Amino acid sequence: MALSSSSSSLRRRLLGSTPLPSSASSALRAAFCSSSSSGPSPTLPPASSIFGDDTEVTNVPPLTTPKLFVSGLSRLTTDDKLKSAFAPFGQLLEAKVITDRVSGRSKGFGFVRYASLEEAETARQGMNAKFLDGWVIFVDPAKPREQKPAPQPDSVSHTGFRTNKTVGWCG
């Protein structure tokens, strides 16, 4: 019964028969209106946890670097949106969304780097499992980049032909 009454009150508010409080209407306007309007850009609503606002994840390893890996980003998240979401936690040195070289679209993950380990730890606890641009993001310590192995030299026979590694073909 409570579910049907709450859904009917939501339906009435959405249809306009019951006025919304000004804070709720501005939050809805900021969340659903495009930023290409002629007015000033709306502020982002505060991030909320999928587990509730007071839940903290325990048993996480300590940080060894102030660089964080952020996964689960929306394809619409830009460097500026990522920077504005992580800026309240300390002095942010870098916020980068990784994009595809060919299409220029986001790959769905990025990196943020802080000035100190304490700020990075605060950001990791404050932003892990929160909503950003409608998607749940996860914040983990960044791992160092693995070096790619050196390319193997081509094998050239004594006749000057290159031998392909596939069976029975030279050319």
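Source: prediction; values computed, not measured.
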Just grab all the side-chain hydrogen bond (donor to acceptor under 3.5 Å, both in side chains) pairs involving residues 61-76, residues at least two apart or on different chains.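 For residues 61-76, and leaving out neighbouring residues, there are no side-chain hydrogen bond (donor to acceptor under 3.5 Å, both in side chains) pairs at all.
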What residue pairs, at least two apart or across chains, pass side-chain hydrogen bond (donor to acceptor under 3.5 Å, both in side chains) with a residue in residues 141-151?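 Qualifying pairs: none.
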Name all residues meeting the side chain to side chain contact (heavy atoms under 4.5 Å, CB included) criterion together with S116; count only those two or more places apart in sequence or in a different chain, and write none if there are none.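 Here the qualifying residues are E118, E119.
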Which residues pass the side chain to side chain contact (heavy atoms under 4.5 Å, CB included) test with T78, sequence neighbours left out?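 Per chain and number, T78 pairs via side chain to side chain contact (heavy atoms under 4.5 Å, CB included) with D80, K81.
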Partner set under side-chain hydrogen bond (donor to acceptor under 3.5 Å, both in side chains) for [X], not counting sequence neighbours:
X: D100; result: S103
X: E94; result: R113
X: S106; result: none

Going by ring-ring contact (aromatic ring centres under 6.0 Å, His included), name the residues that satisfy it together with F111, two or more places apart in sequence or in a different chain.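 Per chain and number, F111 pairs via ring-ring contact (aromatic ring centres under 6.0 Å, His included) with F69.
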For D140, check salt bridge (charged side-chain N to carboxylate O under 4.0 Å, His left out) against everything at least two apart and list the hits.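 Partners of D140 under the salt bridge (charged side-chain N to carboxylate O under 4.0 Å, His left out) test: none.
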Can you name the salt bridge (charged side-chain N to carboxylate O under 4.0 Å, His left out) partners of K96, sequence neighbours left out?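 K96: salt bridge (charged side-chain N to carboxylate O under 4.0 Å, His left out) contacts with D79.
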Connected hydrophobic set around L76, excluding itself, where side chains approach under 4.5 Å: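 Grouped by the 4.5 Å side-chain rule, L76 forms a cluster of one, so the answer is none.
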Do L68 and L63 come close enough that some side-chain heavy atom pair is under 4.5 Å?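 A side-chain contact exists here, since the closest heavy-atom pair is under 4.5 Å.
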If we only count heavy atoms from C-beta on, is the T122 to Y114 side-chain gap below 4.5 Å?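 No, every pair of side-chain atoms sits at 4.5 Å or beyond.
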